[in-house]
Amino acid sequence: MRSVIDILDFTVEELDELIATALDIIDNPNKYAHICDGKKLATLFFEPSTRTRLSFEAAMYELGGNVLGFSEANSSSAAKGESIADTAKTVSCYADIIAMRHPKEGAAYVAAQNASIPVINAGDGGHCHPTQTLADLLTIRREKGRFNNLTVGLCGDLKFGRTVHSLINALNRYDGVKFVLISPEELRVPSYVKNEITKAGKEYVETKDLAEALPELDILYMTRVQKERFFNEEDYLRLKDSYILDPSKLTRAKSDLSIMHPLPRVNEISVKVDSDPRAHYFEQALNGKYMRMALILMLLGIK
Ligand code: NCD
């Protein structure tokens, strides 16, 4: 029985396998329409979500399975003081697989230690978000056709942005990847993540200047300033509009730049950018569903 807590729980070969399955699902949806008949996914969401929870649920329905769960901590026994361990043991009695989001770093790990069914980390605090990275990787594969030799700009809240941490860890494994880390001083990538870049022998630069960094990028991964992780509102208000991508800034970008964002967007990408052919964030949300379908099949051991 296998759980997924971190993107590094997958080998590079397994990521290729998940991508191949997702591409096959896109081409042959009927082949998969009943493959999970009788199986149940539990979505345990202790934090708000639109894409991650609904794409997990849509993924299970499109495989023929069923879904149960809750979408806020207040409607579960967590509100009565139940531990994550007890919740995980209990849900193991009712479902075949769990997708869990929680505001505390390490929560999915604790659930996996106590569940008797696979647990998927759907985001644990400011730590990591492996299934968003699966969506990101399929998007990069479909847009760029490769993972190596890419200059990847990550912009916004690189400190609390868990999707950023997981994506860096995933891309560290491919040759010729360079990172341009664009953020205000206060929201830089944590040193434990930067150490992993160095250990992988990859290059990174840190800058505050999006306009200056843009022309060299193959991928621009924008992120929201993570309001819910700030200790005081004043800091959030000061930093929230640090970057706003608009059509004028994009005039100096490559013609084949891929603009990505895990969403939700607040102000950091103007809606005017949505019609630019380089914008891929809504496709990214769709790709997330296909990769979650592939992941459910892998963890349930269904070929
Ligand atoms: C992200 C998250 O929850 O970390 N959202 C998502 O799952 N697509 C990004 C965010 O909330 O900013």
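Because the structure is a prediction, the values reported are computed rather than measured. Numbering starts at 1 and runs along the sequence shown. Indexing begins at 1, ligand by ligand and atom by atom, following the structure's order.
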* Asked: Counting N and O atoms only, with roles assigned by atom type, does the side chain of Arg229 sit under 3.5 Å from a partner on the main chain of Gly161, one being a donor and the other an acceptor?
  -> no
* Asked: For Glu228 and ligand 1, does the shortest N/O to N/O distance drop below 3.5 Å?
  -> no
* Looking at the rings of Phe147 and Tyr174, which for Trp means the six-membered one, are their centres under 6.0 Å apart? -> yes
* To do: For Ser166 and His129, indicate whether the former's side chain and the latter's backbone hold a donor-acceptor pair under 3.5 Å.
  => yes
* Does some non-hydrogen atom of Glu47 fall short of 4.0 Å from ligand 1? -> no
* Asked: Polar-atom distance check: Leu263 versus ligand 1, any N or O pair below 3.5 Å?
  -> yes
* Asked: Can Glu186 and Arg238 be counted as an ion pair, charged N to O under 4.0 angstrom?
  -> yes
* To do: Please write down residue, atom name and distance for the protein heavy atom closest to atom 4 (O) of ligand 1.
  => Arg162 NE, 2.7 Å
* **Gln226: numbered ligand 1 atoms lying under 4.0 Å from its heavy atoms** => 10 (C), 12 (O)
* Asked: Touching ligand 1 at all, Thr163? Heavy atoms, strictly under 4.0 Å?
  -> yes
* Could you tell me whether Glu185 and Lys208 make a salt bridge, using a distance below 4.0 angstrom between a side-chain N and a carboxylate O? => yes
* Summary of salt bridge (charged side-chain N to carboxylate O under 4.0 Å, His left out) pairs that have at least one residue in residues 9-33, sequence neighbours excluded -> Arg2-Glu14, Asp16-Arg141, Asp24-Lys31
* Close-contact set for ligand 1 against Gln132 heavy atoms, below 4.0 Å -> 6 (C), 7 (O), 8 (N)
* Counting heavy atoms not belonging to Lys178, are there more than 12 under 6.0 Å from its NZ? -> no
* Checking side chain to side chain donor-acceptor pair (under 3.5 Å) for the pair Thr43/Arg53: CA distance, chi angles, key distance, verdict? -> CA-CA 7 Å; Thr43 50; Arg53 186 172 61 84; 5.2 Å; no
* Please identify which atoms of ligand 1 are closer than 4.0 Å to at least one heavy atom of Thr52. => 6 (C), 7 (O)
* To do: May I ask you to check if ligand 1 and His129 share an N or O to N or O distance below 3.5 Å?
  => yes
* Asked: Among protein heavy atoms, which sits nearest to atom 11 (O) of ligand 1, and what does the distance come to when rounded to 0.1 Å?
  -> Arg224 NH2, 2.8 Å
* Does ligand 1 have an atom that lies less than 4.0 angstrom from a heavy atom of Pro264? -> yes
